[in-house]
Amino acid sequence: MKDIGQYNHKQVEEKHSKRWVESGIYSVEKPSESRFSLVIPPPNVTGSLHMGHALNATLQDIVCRWQRMLGKSVVWVPGFDHAGIATQYVVDRRLQEEGLSRLELGREEFIKKVWEWVPVSRNSIREQLEKLGVSVDWKRERFTLDEGFSRAVRYAFRRLYEEGLIYRGEYMVSWCPKDLTALSDLEVEHEEEEGKLYYIRYPLEDGSGYITVATTRPETMLGDTAVAVHPEDERYKALVGKRLRLPLVDWQRRAMDGSEVEHLIPIIADPRVKPEFGTGAVKITPAHDPLDFEIGKSHGLAFVQVMDNFAKMNENAGRFAGLDRYKARESILKELEELGLLEKVENHRHAVGKCYRCKTVLEPMVSTQWFLKVSDPRIKETATRVVKESLIKFVPENWAKIYLQWMENLKDWCISRQIWWGHRIPVWHCQDCGYENVFTDEDFDRVYDKLIFNLLADGKIKEEFTPEEVADILNSPSFVHPQMTVLDFYKRFAFHKYHSTSLDANSLRLFISQDLNPTAILTGKAQRYRYNPQKKTYRFVLRCKRCGSERLHQETDVLDTWFSSALWPFGVFGWPEQTQDLKGLYPTDLLVTGFDIIFFWVARMVMLGTYFMKDIPFRDVYIHALIRDEKGQKMSKTKGNVIDPLDIVEKYGADALRFTLAILTQQGRDIRLSEKRFEGYKHFANKLWNAGRFILMNLDPDLLTSLPYGAPPRPEDLWIISRFNKTAERVNKALAEYEFSEAARELYEFIWSEFCDWYIEFSKLRLYAKPDESLPEEERRAQEQRIKAEKITVQATLLNVFEKTLRLLHPFMPFITEELWRDLPTAHKESISLTEYPQPNPAEVHEESEQKLERLKEIITAIRALRSDLRIEPSRKIRLYYRAGESKALVEEFMPHILSLARLESLQEADTEPPNCVAGFSKDFEFFLPVDEGIRVEELINSYSKRLSEVEKSLQSLRQKLSNENFLSKAPEEEVQRARQNLQELEEEKEKVETLLRLLRGVMT
RNA sequence: AGGCGCGUAGCUCAGUUGGCAGAGCGCCUCCCUUACAAGGAGGAGGUCGGCGGUUCAAGUCCGCCCGUGCCUACCA
């Protein structure tokens, strides 16, 4: 007997979210054989979590908690993504607000600023995840730019490079003139725009006429080095081979290879030109258009760049140099028009490529970039096969098709970015022989060399350093795990092999100075370190692998952020070291993510996972919907329509948030979210709380010890147990199929509509039973004992079903279930999440009781409907008479239930209907209420008249159906039977309704 | 231009292999009955986007159309 008071979500959630993290119950040091592993899609450290993250984390957590309760050793690895351009963009914007410019600040200072920002974002995200109640293993937390990951990235790069899968070259890429970097094809957003198509005349060299070309970007004409037509195009066949005078250009242009290019350009034939578009003649600007680039290559044309990285016209643009591309367009068009060379201008709808990050119109540019040859069979074929053969399963499965379609048309992946924040490409160009040296710590034997090299390559120390600086860094707290030092982090996550080696900062100092020891020099061994006596600094010497030169210059480009993300499912387990974790936890069991990053991320993990690990990165990929706002718009900060999950947690609680997201997650459908939804499911949490409150209030302290003295269960006990079992079966099945919405609905339905609405109400009959004081002493004592025995049974059933229900619901609403569960006298563990997940038990399914109770509910509902129609308030108990056929036994068996739940004074059998009464019925159970004052008969007449016309309508269509010979002969027998039975029931009902109406009308008169 | 998805109650959505249209929220009526007014009881509300086809029977299968959203694409 205790009262837990009212539901307070904040209090409940704060209590457990902290406790779960601090007690480390979701941290698994050594996973058992039967394990379930997954890695979180690392959120970007660009700010805080949005609703999409909350959904993503919730779904994973539901699966994790479920699997854990199924007895699996669950390892869920959390972490964060450094998110190259995105983070750089965010920090850049913040600096701009302070009036600072990234370009003025310089690379090194800027990166420092980013490192100052990152923990701010990371901590806020981590706090959000904790508040959501995610059961991740925080001890395994990783960052895509932590020391170990950076090392893994270098290893991966080296392998791919040495195996010929990474190459560098001059290619056409999409260039963002604002972010000043190349982008991969995937990062280009195409937007339909209303543009113009300009028709420009290019005069023939011999003055015999002109050719008109059509273009959307007239400013690129300054870089034209040919005009192309289709070889079969009769209009131009005769002109092929002749030359045209490029208008406006009366200066010498310099091609990318350094040669001078004149303004007379050839007419060439190429089958890639589509004769039906524009005039059938196309100007060729090999340096500023992807197709022109291809054509330029195959025809050996000169590549003339006319713009710089800011998309301003350069020196090749002659008098237009220095103009922005759009200003240049205006000037060029004006001059062409004055010369009479602008034939016409048409409106033209076309797709424009924009930067996915800043929406700037991209400029196709030729530049030197690094590419990963994903089209190589070694990558492409495996990554295709594993999905084709369903080794990796997409859920819903239609995403597999989309994945495969994309894989079909794979183009090489541009992996270099001209930004500052990210993994610097581990290539050192030799200034003397031009050799591209890829260094990793494999190039060094001694563990301290490896350490120093990694610090250097990560930019943690400068080229010139002192041992003290190194020691300081190694002893400083690790970014990801502040309770560890950087050195500890290395030992735990990167140098597993040397775990036992006594690595420490002091011996490192000794080591470096020993390396400089004269004896070492005498042995002729090349020194790794060079000492600068003036500055008292050391240098770690890298030498060109080909010519031995020390004049090396590290590549300034960084890698596309998705390159490191692609290593995530094995990088987090310590790869490239063959750690226990890697062996035990890879491949992971599940990946949960949104469809927007299937190509960016999922595909790349499959490609690099199968390539490096020779095994798939995950077995199931659950693709969830995108969260949109009420209007179906994508939620984004720039649109300002985001619902912050933290606000929702604050207002309605994480449990309500999670349950709402889960129940709205239909496979393959977007989620339109409005705040009202959360409110509704907070009510559900409240309902559950109050059920718990009721049960706890009504448990006798000695219940557990008195269980053996309980009475046999009543049908309603068997009914609720049976219903629970069916619910457990459906919830387990739904979870196994990732049908989150289905599982949540089942739980909601069971808890509210069955357990609370009916079972708790039934339970009150026995809980509140009192002995009849008027009975003689002896009889009263016997009755007391019976009451006590009944109480034990009903309390035990309440407790039993409620306890299991909490467990069944726990993955969805971890906090409230944890809190209530721990209050139960049966709680035997520190957390409900460590108990077993309820499984259906066939021995606990009681069909007969279920049928009885369903019928009982119908009868009670029918009486209530009559009361409601007559506006009889609940406090007024009424006397009822009834007549019944088969239902009679049931009515007698459940008389107290009916009296109580239908709020009756009495229910007596009557052979004929009493005079002057109103009536109702449910199947063969008819009941009559003698009329007294205050009863509104006309309401009832309306109600039954309406029902009568409904019944007649149904009867008509049924009779028609049953008189259709085709139906009788072709439909399955059971279907015909069902229709016949239906007909019979409806006929009976019609009769009853008519009788009732007659009675009512009698009362009226 | 191709590909995918969606149009069911006022709103958000379920509807499994074709067999009498469902839920939540909102709305209406009655009720503060000792777990819960964040509640209880009862109710109203739908030509399942349109047209055609297959079938005894179509929200469900097929075709076309309309509306809508997304993804992919080098049409200058």
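As the structure is a prediction and not an experimental result, all values here were calculated from the model. Every chain is numbered from 1, with letters handed out A, B, ... down the list of sequences.
For A:Asn982 and B:C20, a side-chain-to-base donor-acceptor distance below 3.5 Å is present, hydrogens and geometry of angles not being considered. Judged by distance alone, with hydrogens and angles left aside, A:Lys687 brings a side-chain donor or acceptor within reach of the base of B:C36, the pair sitting under 3.5 Å. Put simply, the side chain of A:Glu761 and the base of B:A35 share a donor and an acceptor less than 3.5 Å apart.
Using P as the reference atom, B:A37 and B:G50 are 44 Å apart when rounded to the nearest Å. Straight-line distance between the P atoms of B:C25 and B:C64: roughly 41 Å, to the nearest whole Å. Comparing the same atom, P, in B:G59 and in B:U16 gives a spacing of 13 Å after rounding to whole Å. Of the C1' atoms belonging to B:G7 and B:G40, the separation is 36 Å, rounded to the nearest Å. Of the C1' atoms belonging to B:A38 and B:U55, the separation is 50 Å, rounded to the nearest Å. Atom name C1', nucleotides B:A9 and B:C27: the rounded distance is 11 Å, in whole Å. Nucleotides B:U17 and B:C62, compared at atom P, are 12 Å apart to the nearest Å. B:C20 and B:C56 are spaced 16 Å apart, taking the C1' atom of each and rounding to whole Å.
Place A:Ile695 and A:Lys946 on RNA chain B by their nearest nucleotides, and A:Ile695 ends up nearer the 5' end. Between A:Lys764 and A:Asn686, the one whose closest nucleotide on RNA chain B sits nearer the 5' end is A:Lys764.
Judged by a 6.0 Å distance limit and a 45° cone about the ring axis, A:Lys791 is not positioned over the six-membered ring of A:Tyr768.
Across the protein-nucleic acid pair, A:Arg876 atom CZ and B:C32 atom C1' stand 19 Å apart, rounded to whole Å. As a whole-Å value, the separation of A:Glu397 CD from B:G5 P is 12 Å. Whole-Å rounding puts the A:Leu664 CG to B:C11 C1' distance at 13 Å. The distance from atom CG of A:Asn398 to atom C1' of B:C4 is 8 Å, rounded to the nearest whole Å. Taking atom CD of A:Gln6 as the reference point, atom C1' of B:U34 lies 15 Å away to the nearest angstrom. In this structure, NE2 of A:His350 is placed 11 Å from P of B:C75, rounded to the nearest angstrom. Counting to the nearest Å, the C1' atom of B:C20 and the CG atom of A:Leu955 are 12 Å from each other. If you measure from atom CG of A:Asp596 to atom P of B:C70, you get 13 Å, rounded to the nearest angstrom.
Both distances falling under 3.5 Å, in either a Watson-Crick or a G-U wobble arrangement, place B:U29 opposite B:A41. Base pairing annotation: B:C74 forms no Watson-Crick or G-U wobble pair, as no partner gives both donor-acceptor distances under 3.5 Å. In this structure, B:U12 forms a base pair with B:A23, meeting either the Watson-Crick or the G-U wobble geometry with both donor-acceptor distances under 3.5 Å. Look at B:C4: its Watson-Crick or wobble partner, with both distances under 3.5 angstrom, is B:G69. Of all nucleotides present, none satisfies the Watson-Crick or G-U wobble test against B:G46 with each distance under 3.5 Å.
Checking B:U72, B:G24, B:G39 against the side-chain heavy atoms of A:Tyr681 singles out B:G24 as nearest. When distances are taken from the side chain of A:Ala971 to each of B:C56, B:U12, B:A73, the shortest belongs to B:C56.
Contact between A:Ile623 and A:Pro396 at its shortest, heavy atoms only, is O-CD, 3.6 Å. Between A:Thr279 and A:Val213, the shortest heavy-atom distance links the atoms OG1-CA, 3.8 Å.
As judged by a 4.0 angstrom heavy-atom cut-off over every strand, A:Pro364 is placed among residues making no nucleic acid contact. At a threshold of 4.0 angstrom between heavy atoms, the contacts of A:Arg867 with the nucleic acid are absent. Using a 4.0 Å heavy-atom cutoff across all strands shown, A:Val213 reaches no nucleic acid atom at all.
In this structure, A:Phe678 and A:Tyr652 have parallel ring planes: the angle between them is below the 30° cut-off, well short of the 60° mark.
Aromatic pair A:Phe599/A:Tyr403: ring centres not closer than 6.0 Å.
Under the 4.5 Å side-chain criterion, counting only non-hydrogen atoms from C-beta, A:Leu962 is in contact with A:Arg980.
Remark: the backbone N or O of A:Gln960 is not paired with any side-chain donor or acceptor of A:Asn964 at under 3.5 angstrom.
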